[in-house]
Amino acid sequence: MAQELNLLASDNRGQSQLEAGANLAGWDEVTQGTVLISFEGDATGIANKKAEERTYSDFNSYTASVASWRVSKPVFNRDICIDCQNCWVWCPDSSILSRDKQMLGIDYDHCKGCEVCVEVCPTNPKSLLMFNEHADLEESLASWPEKKKKEKK
Ligand code: SF4
Ligand code: SF4
């Protein structure tokens, strides 16, 4: 029989879970055989739906924010981006928002600030750069570096 439980909101989950979770069980209390349903209702064709069209259950990691894990965040500069999709391919947390091969920005609820997207961005200067978690977006964009010239050999 499936175990009935609610997952505990712990320090590494988002503020909304923290506020919601008074009587919840911890992840280390989940017993073998427990079934955690990822989606509410009929999940037919769910793979073809966009994230915002899906109804995630409280057990799906998508509903948990990890924003509080970050000390620095990637900032996206639309003016330089060439929509190559490198960041989308390499992000280990599926936190690059892209539609129809156009880079739209960062999902800050799930981005962990690992910097991989910045590392793989090929533009000059990069279209993604890391800033302090609390940095103002407009100020960050205003401080963007100039294009680096190639050094003559
Ligand atoms: S910093 Fe890491 S987790 Fe965040 S968007 Fe970039 S690659 Fe993804
Ligand atoms: S890797 Fe850089 S240039 Fe390519 S889509 Fe991402 S932000 Fe744009």
Side-chain angles (χ1 to χ4, degrees), residues 6-21 24-30 34-40 43 45-153:
N6 292 310
L7 290 183
L8 173 67
S10 58
D11 287 344
N12 55 8
R13 301 190 76 188
Q15 196 58 37
S16 57
Q17 286 80 31
L18 284 172
E19 287 163 0
L24 304 178
W27 63 267
D28 52 350
E29 297 172 74
V30 178
T34 299
V35 176
L36 302 179
I37 308 298
S38 280
F39 303 101
E40 300 288 355
I46 201 85
N48 297 319
K49 289 186 176 170
K50 292 172 180 167
E52 61 271 21
E53 296 167 350
R54 298 172 180 167
T55 310
Y56 292 94
S57 81
D58 288 344
F59 302 123
N60 194 305
S61 61
Y62 190 84
T63 59
S65 170
V66 295
S68 61
W69 296 17
R70 274 192 316 268
V71 290
S72 56
K73 64 183 175 189
V75 171
F76 173 52
N77 190 329
R78 170 79 260 169
D79 292 343
I80 308 168
C81 175
I82 57 173
D83 291 319
C84 71
Q85 306 295 293
N86 263 10
C87 54
W88 181 79
V89 169
W90 284 92
C91 173
D93 286 297
S94 303
S95 300
I96 299 294
L97 302 173
S98 177
R99 287 285 178 274
D100 301 322
K101 297 183 182 170
Q102 185 182 3
M103 161 64 164
L104 300 179
I106 314 290
D107 170 359
Y108 284 123
D109 277 340
H110 300 105
C111 166
K112 298 194 184 83
C114 70
E115 209 174 331
V116 167
C117 55
V118 174
E119 198 63 36
V120 299
C121 180
T123 58
N124 177 10
K126 286 180 182 287
S127 313
L128 289 158
L129 287 174
M130 298 304 286
F131 286 85
N132 181 283
E133 176 62 20
H134 304 293
D136 177 77
L137 176 62
E138 294 304 321
E139 287 176 17
S140 302
L141 291 171
S143 69
W144 218 262
E146 297 289 320
K147 181 174 181 172
K148 275 187 198 159
K149 290 186 177 159
K150 281 186 184 169
E151 287 177 21
K152 287 182 183 170
K153 292 181 181 171

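Atoms within each ligand, like the ligands themselves, are counted from 1 in listed order. Atoms considered below: every heavy atom in the structure, side chains included; atoms not considered: hydrogens, waters and symmetry mates. Quick caveat, the model's predicted, so the values are computed rather than measured.
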request  = Looking only at protein heavy atoms, identify the closest one to atom 6 (Fe) of ligand 1 and say how far it is in Å.
outcome  = Cys117 SG, 2.3 Å
ask   = When the ring planes of Tyr62 and Tyr56 are compared, do they come out parallel, tilted or perpendicular, using 30° and 60° as the limits?
value = parallel
request  = Apply the test side chain to side chain contact (heavy atoms under 4.5 Å, CB included) to residues Leu129 and Val75: give CA-CA distance (whole Å), side-chain angles for both, the deciding distance (0.1 Å), then the verdict.
outcome  = CA-CA 5 Å; Leu129 287 174; Val75 171; 5.7 Å; no
key: Ile96: numbered ligand 1 atoms lying under 4.0 Å from its heavy atoms   = 5 (S)
request  = Search all heavy atoms of Cys87 against all heavy atoms of Cys117 and return the closest pair with its distance.
outcome  = CB-CB, 3.8 Å
Beyond-backbone contact of Ile96 with Phe76, side-chain heavy atoms, under 4.5 angstrom = no
ask   = Is Glu115 touching ligand 1 with its side chain, its backbone, both, or neither, if touching means heavy atoms under 4.0 Å apart?
value = backbone
query = What atoms in ligand 1 come closer than 4.0 Å to a heavy atom of Val116?
reply = 7 (S)
inquiry  = Within a 6.0 Å radius of atom CD on Glu119, are there more than 12 heavy atoms belonging to other residues, nucleotides or ligands?
reply    = no
request  = For the pair Ser57 (side chain) and Ile37 (backbone), establish whether a donor and an acceptor sit closer than 3.5 Å, ignoring hydrogens and angles.
outcome  = yes
message = On a heavy-atom basis, which atom in Ile80 and which in Lys126 lie closest, and how many Å separate them?
response = CD1-O, 4.1 Å
message = Would you say that Met103 contacts Leu128 through its side chain, given a criterion of any heavy-atom pair below 4.5 Å between the two side chains?
response = yes
note = The atoms of ligand 1 lying under 4.0 Å from a heavy atom of Lys112, numbered in the order shown, are 3 (S), 4 (Fe)
message = So Cys111 and Arg70, do their side chains get closer than 4.5 Å, heavy atoms only?
response = yes
ask   = Can you tell me the protein heavy atom closest to atom 2 (Fe) of ligand 1 and the distance?
value = Cys114 SG, 2.3 Å
task = Enumerate the atoms of ligand 1 whose separation from the nearest heavy atom of Gly113 is less than 4.0 angstrom.
result = 1 (S), 4 (Fe)
ask   = Is there a donor-acceptor pair under 3.5 Å between the side chain of Asn124 and the backbone N or O of Lys148?
value = yes
Proximal candidate to atom 8 (Fe) of ligand 1 [heavy atom criterion; set Ser72, Cys91, Cys111] = Cys91
message = Taking the side chain as everything from C-beta on, heavy atoms only, tell me whether Glu133 gets closer than 4.5 Å to Ser72.
response = no
ask   = Of all the atoms in ligand 1, which lie at a distance below 4.0 Å from a heavy atom belonging to Pro92?
value = 7 (S)
query = Which ligand 1 atoms does Pro74 reach within 4.0 Å, using its non-hydrogen atoms?
reply = 1 (S)
inquiry  = Just to be sure I understand the site: which N, O or S atoms from the protein are less than 2.8 Å away from atom 4 (Fe) of ligand 2?
reply    = Cys84 SG
